[in-house]
Amino acid sequence: VVFQLHLQANGKCRFLFVSDKASTMPGLRVLALLRSGGPVGEAYAVPRPVRQRIQTAFMERLRNPEPLDFDTEVQHEGASRWLQTSATARRLADGSVLFHGVWMDVTEQKSQTHAMATAKEAAERAAQERARFIAVMSHEIRTPLNAIIGMAHILRRSGVTPQQSDRIDKIENAGNHLLNIIN
């Protein structure tokens, strides 16, 4: 939705133009404001404190006509929608400010951003749990393997037959192989 808004030096504002798309934009009450010339904050279907913040953002441009860019959560037919306001400001000779801007429904982008952030958090938690599980399992497996390899070494030192030595070699080799896998 394209709009043009005139903000007078006394704080009164008036929409000079709003594109026809405004009538289909959820959460905007602009068409009534075009007729009434009401405060700019009332263009949004939001609670009074939020409207006051929007009004303040526009009013600050009387002192410093910088571009505006903000998102506003609005209620429309019982559902939340997000509207993004982007406008350039130009000071006129009489001290008033003329805004040329657009409103965009960014609900889907906000939803996708939220979904991606939620998925990222879930993936990070899963990675942490995986790392913790691997650390615990590594410790739980390594401890008995070290005991098996150590006992095989003690057995070998106590004097064994060639057949027993061969069997101890197999125990040590299997234990060392498992430790290498864990490492």
Side-chain angles (χ1 to χ4, degrees), residues 1-7 11 13-91 97-143 178-183:
V1 173
V2 177
F3 69 89
Q4 187 178 41
L5 175 77
H6 182 235
L7 181 59
C13 63
R14 200 168 64 96
F15 284 96
L16 302 176
F17 171 79
V18 178
S19 64
D20 293 338
K21 184 84 170 145
S23 62
T24 63
M25 182 72 101
L28 282 180
R29 301 178 189 156
V30 179
L31 298 181
L33 289 174
L34 273 170
R35 290 188 280 284
S36 71
V40 67
E42 290 181 11
Y44 299 88
V46 296
R48 181 176 289 293
V50 176
R51 281 200 315 260
Q52 288 172 339
R53 283 195 299 268
I54 293 168
Q55 183 79 21
T56 300
F58 276 93
M59 293 299 292
E60 286 174 359
R61 296 324 184 258
L62 282 173
R63 289 187 299 276
N64 188 9
E66 295 179 352
L68 278 171
D69 192 20
F70 60 88
D71 295 348
T72 307
E73 185 177 16
V74 298
Q75 297 298 315
H76 180 70
E77 297 177 358
S80 289
R81 305 290 298 175
W82 283 92
L83 297 182
Q84 182 180 62
T85 301
S86 295
T88 58
R90 185 178 57 140
R91 184 178 308 282
V97 176
L98 185 63
F99 292 93
H100 296 275
V102 294
W103 283 300
M104 293 180 287
D105 186 340
V106 293
T107 304
E108 291 303 317
Q109 294 91 321
K110 288 274 189 184
S111 177
Q112 290 172 359
T113 301
H114 178 70
M116 287 176 26
T118 301
K120 181 183 177 207
E121 289 172 12
E124 288 171 350
R125 278 194 310 274
Q128 289 171 350
E129 283 299 313
R130 178 182 168 270
R132 190 181 68 71
F133 173 78
I134 288 172
V136 168
M137 289 311 297
S138 172
H139 174 75
E140 294 299 322
I141 294 170
R142 190 182 311 273
T143 300
L178 285 174
L179 277 178
N180 286 335
I181 290 172
I182 291 169
N183 289 337

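Side chains of Asp69 and Gln84 form a contact here, defined as non-hydrogen atoms less than 4.5 Å apart. Taking 4.5 Å as the limit, some side-chain heavy atom of Glu121 sits within range of a side-chain heavy atom of Arg125. Side-chain contact check for Ile182 versus Met137: every heavy-atom pair is 4.5 Å or farther apart. Between Asp105 and Leu83 the shortest side-chain heavy-atom distance falls below 4.5 Å.
The minimum heavy-atom distance linking Asn64 with Arg91 is given by the pair N-NH2, 3.8 Å. Annotation for Val97 and Arg61: closest pair CG2-O, 3.3 Å, computed over non-hydrogen atoms.
Note: Trp103 and Phe15 have tilted aromatic rings, judged against thresholds of 30 and 60 degrees for the angle between ring planes.
Considering CZ of Arg81 and OG of Ser111, their distance stands at 9.5 Å, rounded to 0.5 Å. In this structure, OG1 in Thr85 is found 8.0 Å from CG in Asp71, a value given to the nearest 0.5 Å.
Counting heavy atoms of neighbouring residues, nucleotides and ligands inside a 6.0 Å radius, atom CZ of Arg90 does not exceed 12 of them.
Judged as a side chain to side chain donor-acceptor pair (under 3.5 Å), and not counting sequence neighbours, the contacts of Ser80 are Glu73, Gln75. Scored by the side chain to side chain contact (heavy atoms under 4.5 Å, CB included) test, Thr88 finds His100 as partners (sequence neighbours excluded).
Using a 4.0 Å cut-off between charged nitrogen and carboxylate oxygen, Lys120 and Glu124 count as a salt-bridge pair.
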